[in-house]
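Below is one structure, written out as structure tokens; the observations come after it.
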Amino acid sequence: SNLQVSINDINFNNPVLNAAGVRCQSTTELDAILASTAGGAVTKSATLQPRNGNETPRMQSLPFGSINSMGLPNYGFDYYLDYVINQQIAGNQNLILSIAGLSIAENLTMLRQIQASDYQGLVELNLSCPNVAGKSQVGYDFEAVADILAAAFTFFDGHLGLKLPPYFDLNQFDELSAILNQYPLTYVNSINSIGNGLAVDLDTETVVIKPKAGFGGIGGDYVKPTALANIRAFRLRLNPAIKIIGTGGISSGQDVFEHILCGADLVQIGTAFGPEGTPIFERVTDELETIMVAKGYRSLADFRGKLKII
Ligand SMILES: O=C(O)c1[nH]c(=O)[nH]c(=O)c1I
């Protein structure tokens, strides 16, 4: 079967990438993703300056997923811009440069530097980091989202995607989609972790991560129903020109199939990529192909967005 996808003339051999944040902070980790079956690689969300991030323990695996409050540890914007440009020079177009400035001004500064560079690939503006103490997620402030997009598109003409937090109210999908449809966005990526969850250790009767008194973003199996709902809701509301990347709760070919059935063009794996490593990409794409063959689908377009109601 044909697993190929094109996003604005950028061709992917298969739709399965890593999600920003997991095993993608160093060039070594990013090289390993590109050397694997993954359809492409996403960089750890960058801030203008390097950051150490929050105190440890800041990520724990849970029975059905993960909880994290990493606090945006990264080697700084220049490190990642250099990497994606070097990959572009080497002929690789399947990179996504993720940025997560701590202010609208910092995001615009990074976008201006990208605009001034030779980078032609996808850019993911992360508006949904839940783990910087004192900072609420821009994605939950619709006026701030509108402000940043209005400012960005006065100068930025690259391929801009937005990484959004999960929404849980249908009126939010209506209101935010009306804003997003006003801009030439390349894609929306739903979802980021479900912010400020809590996990408890029965033996010690403590929380399991140190930052923010134990509150952190939830990922993995726990979040798939929310991810599928967000992908479906945005697909039904956004201009077809705005593609969708599905993230959240993927650890099998079936999960990928479900994300694409709900409308995803690409998908990203975060939590499950952590313990399994790069072999997950071959396993999941093989499982997807098996499902497609069993159902008689020859390409992703045969079933993308074709979820039926009953
Ligand atoms: O704590 C983090 O670094 C982090 N953790 C997440 O779960 N999502 C994010 O977007 C980020 I930037």
Side-chain angles (χ1 to χ4, degrees), residues 17-26 29-30 41-62 64-77 79-80 96-104 106-107 110 122-141 144-145 148 161-167 187-199 207-224 226-227 230 245-250 268-275:
L17 287 70
N18 68 295
V22 179
R23 287 180 180 257
C24 58
Q25 184 171 339
S26 69
E29 290 173 314
L30 289 162
V42 189
T43 65
K44 168 65 187 172
S45 295
T47 45
L48 208 47
Q49 301 305 326
R51 284 171 59 90
N52 293 324
N54 290 339
E55 48 200 348
T56 59
R58 59 193 188 184
M59 192 288 286
Q60 287 293 340
S61 293
L62 301 173
F64 297 100
S66 65
I67 184 169
N68 91 84
S69 183
M70 304 301 287
L72 250 174
N74 74 95
Y75 295 125
F77 174 72
Y79 178 94
Y80 301 102
I96 301 182
L97 173 62
S98 176
I99 60 174
L102 299 183
S103 66
I104 289 184
E106 185 178 350
N107 279 315
M110 290 189 279
L122 298 174
V123 178
E124 188 162 290
L125 177 56
N126 180 354
L127 298 179
S128 42
C129 180
N131 299 324
V132 178
K135 289 275 179 189
S136 67
Q137 299 176 66
V138 175
Y140 287 142
D141 177 346
V145 173
I148 201 164
L162 291 185
K163 181 70 172 285
L164 296 175
Y167 301 96
Y187 71 87
V188 154
N189 183 344
S190 286
I191 62 172
N192 207 314
S193 54
I194 296 180
N196 295 302
L198 192 62
V207 301
V208 300
I209 55 173
K210 189 166 183 178
K212 290 177 58 179
F215 284 66
I218 303 297
D221 296 355
Y222 298 116
V223 310
K224 191 174 79 172
T226 298
N230 276 255
I245 296 184
T247 306
I250 293 178
Q268 294 179 352
I269 305 179
T271 294
F273 175 36

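Both ligands and their constituent atoms are indexed starting at 1 by order of listing. The basis for the numbers below is simple: all heavy atoms, side chains too, and nothing from hydrogens, waters or symmetry mates.
- The two atoms that bring R58 and I209 nearest to each other are C-CG2, 3.7 Å, heavy atoms only.
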Verify side chain to side chain contact (heavy atoms under 4.5 Å, CB included) between F77 and L97, making sure each step is shown before the conclusion. CA-CA 9 Å; F77 174 72; L97 173 62; 4.3 Å; yes
Anything under 3.5 Å between an N or O on ligand 1 and a protein N or O? List each pair with its distance, or write none.
residue, atom, partner, partner atom, Å
ligand 1, 1 (O), N68, OD1, 3.4
ligand 1, 1 (O), M70, N, 3.1
ligand 1, 1 (O), G71, N, 2.9
ligand 1, 1 (O), N131, ND2, 2.9
ligand 1, 3 (O), K44, NZ, 2.8
ligand 1, 3 (O), L72, N, 2.8
ligand 1, 5 (N), N68, OD1, 3.0
ligand 1, 5 (N), N131, ND2, 3.1
ligand 1, 7 (O), N68, ND2, 2.8
ligand 1, 7 (O), S193, OG, 2.8
ligand 1, 8 (N), N192, OD1, 2.8
ligand 1, 10 (O), N126, ND2, 2.8
ligand 1, 10 (O), N192, ND2, 2.9

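- Side-chain atoms of N230 and S190 include no donor-acceptor pair closer than 3.5 Å.
- For E106, the side chain to side chain contact (heavy atoms under 4.5 Å, CB included) partners are T47, L48, L102, S103, M110, not counting sequence neighbours.
- Counting only N and O atoms by type, the side chains of S98 and N126 include no donor and acceptor under 3.5 Å apart.
- A side chain to side chain contact (heavy atoms under 4.5 Å, CB included) with F273 is found for one member of V22, I250, L17 and no other, namely V22.
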